There are 2 protein chains.
Amino acid sequence: MTQKPNPLSRIKVNGPIPAHMARSVIEETLRAAILDGRIPCGAALRQQDLADLFGVSRMPVREALRQLEAQSLLNVVAHKGAVVAPLVQGDAVETYALRILLESEALRLSVPLLREEDLEEAARYIDELETESDYTEIGRLNRLFHMTLYSQAPNRRLLKLVEDGLNEEERFLRFNLEAMGLGKLSQDDHKALLQAAAERDVERSVKLLEHHLNRGVEVITRYLNSPEVQARNRSK
Amino acid sequence: MTQKPNPLSRIKVNGPIPAHMARSVIEETLRAAILDGRIPCGAALRQQDLADLFGVSRMPVREALRQLEAQSLLNVVAHKGAVVAPLVQGDAVETYALRILLESEALRLSVPLLREEDLEEAARYIDELETESDYTEIGRLNRLFHMTLYSQAPNRRLLKLVEDGLNEEERFLRFNLEAMGLGKLSQDDHKALLQAAAERDVERSVKLLEHHLNRGVEVITRYLNSPEVQARNRSK
DNA sequence: TGGAATATTTTTGGATCCAAATGACACTAG
DNA sequence: CTAGTGTCATTTGGATCCAAAAATATTCCA
């Protein structure tokens, strides 16, 4: 049996919490830790442990957990604890189908309105991705690259949903990158996508994006079907 | 100055709360009251008042308010209270643009898979809408009719977003119905939509749905630009 | 030795209490 | 008469306490 180190050990607290913003700090810290995978799926978070970790009482922890539950990042089961929402295969396929729908529309609306500075910003993210090797940072840069391309879509509500989807992807992405070095492939996709956007070729951009996302779901499906993951799921 | 009756007076509590499900009961009650407009936009909800009303302490009220905030039904401002989220015009246009995107896709996926019983259920809702005159009930039936048509779409995540959008619409709908008797028009739309779905004519269904929703946003825009509403917004 | 029933322990949810922050009101000074 | 300042009340956020429910461990009996 593999040792099961307390997942909380991977959360670091930067010192005493400013007291009256405890809830938001805890929520943000936990969200980041869940999204980038420091807290694995299925881990049960207990209120008292988190309270001790952050040096506060259980109260702000409770509220933070509820907020995260509302964002469906974790499921709170009565008297059993807050369990980090699992990444099941069906969900991955559904998530990517949704992303294609939402991000295609966002891209369609945004490309004609993109400014030069947006394109330069996106290019910078591609450059940074070239040299970055930390998974968490790669996830962040990937999200920022995509959001920059969508940023001029005149529908904030749509953008909010797109961003939620990208946050969700960061969870998958971490596993992708660890499992198989997919980074280079994605970089080619990114460059082609930026090129099409710079030429204001809406339909080609959308096609490239769909292709990019379809390959993403394929890779993830293969990963979730891999013997390693299958075994882990059986053991749970 | 118009008298300002406590908005809480329109919430009725059915007796003592079963103690260990206080939070969920409060959340559901408040959500329903906000969605169907019994609590008007801009109303400030105070924790102690709600606690007294439900006969519990402030604690479950707090958690319920946070949950509702996460669903962006209200904005919690520190030391100022929980304010019911406003219905501004920009939001309406954006919301309907999103609904068209999401519901078109849901309909496209669902129509080929609809069973006879689904079609019968949808027809029943249309019949009930024919005789119903209570705004709250009309909103509920309208939502159920649409959801029935989408119900077979094989993407639960998409359906969740669609349902959120429909819940949001119920808030607008109440004002629509009060302002102008739009009921009959919608009924014709509904019947045509059901007919197209029954004939498995996907593209015609989608076209009809888009038309239906586009008329919705038009009516709402007109309503929000009406002198009455303009005056109310200025006074705030 | 195995299973079932019970007791203990763990953990969450609600109540009450306290502190901090913000807004309103009144009072004073110019 | 107005503007600015200071105090007070209101309200939210956090801490602590208590009760209820569930999981687990232990013990007893077959």
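Per chain, numbering begins at 1; letters A, B, ... match sequence-line order. Here the structure is a predicted model, which means the values were calculated and not measured.
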Checking contacts here: which listed nucleotide (dG14(D), dA15(D), dG13(D)) is nearest the side-chain heavy atoms of Val76(B)? dG13(D)

Provide, to the nearest angstrom, the distance between the CG atom belonging to Asp52(A) and the P atom belonging to dT16(D). 11 Å

Measure CG/Leu50(A) against P/dG14(D) and give the value in whole Å, please. 15 Å

Nearest non-hydrogen partners of Leu74(B) and Val84(B), listed with the distance: CB-CA, 3.9 Å

Over all heavy atoms of both residues, which pair between Ser151(B) and Leu114(B) is shortest? Give the atoms and the distance, please. OG-CD2, 4.4 Å

Calculate the interatomic distance between Leu45(A) atom CG and dT10(C) atom P; express it in whole Å. 19 Å

Ionic contact status for Arg66(A) with Glu69(A), cut-off 4.0 Å: yes

Examine the side chains of Gln71(B) and Glu27(B) and answer whether a donor and an acceptor come within less than 3.5 Å of each other. yes

Leu68(A) CG to Glu28(A) CD distance, which is reported to the nearest 0.5 Å: 8.5 Å

Can you measure Gln47(A) atom CD to dT16(D) atom C1' for me and round it to whole angstrom units? 14 Å

Degree of bending, the helix from dT1(C)-dA30(D) to dG30(C)-dC1(D) (end axes from five pairs; round to 10°): 0°

Roughly, in whole Å, what's the span from CZ in Arg46(A) to P in dT10(C)? 10 Å

Near DNA chain D, which residues from residues 57-68 of chain B have a heavy atom under 4.0 Å away? Arg58(B), Met59(B), Arg62(B), Arg66(B)

Nearest whole angstrom, please: distance from the C1' of dA15(D) to the CZ of Phe54(A). 17 Å

Could you check whether Asn214(A) and Glu218(A), counting side-chain N and O atoms only, form a donor-acceptor pair closer than 3.5 Å? no

salt_bridge(Lys160(B), Glu163(B)) N-O dist < 4.0 Å: no

Could you check how far CG of Asp49(A) sits from C1' of dT12(C), rounded to whole Å? 13 Å

Tell me, please, which residues at least two apart from Tyr125(A) pass ring-ring contact (aromatic ring centres under 6.0 Å, His included). none

Candidate pair Glu120(B) and Arg124(B), rule salt bridge (Lys or Arg N to Asp or Glu O under 4.0 Å), full reasoning: CA-CA 6 Å; Glu120(B) 288 163 15; Arg124(B) 264 200 306 279; 5.1 Å; no

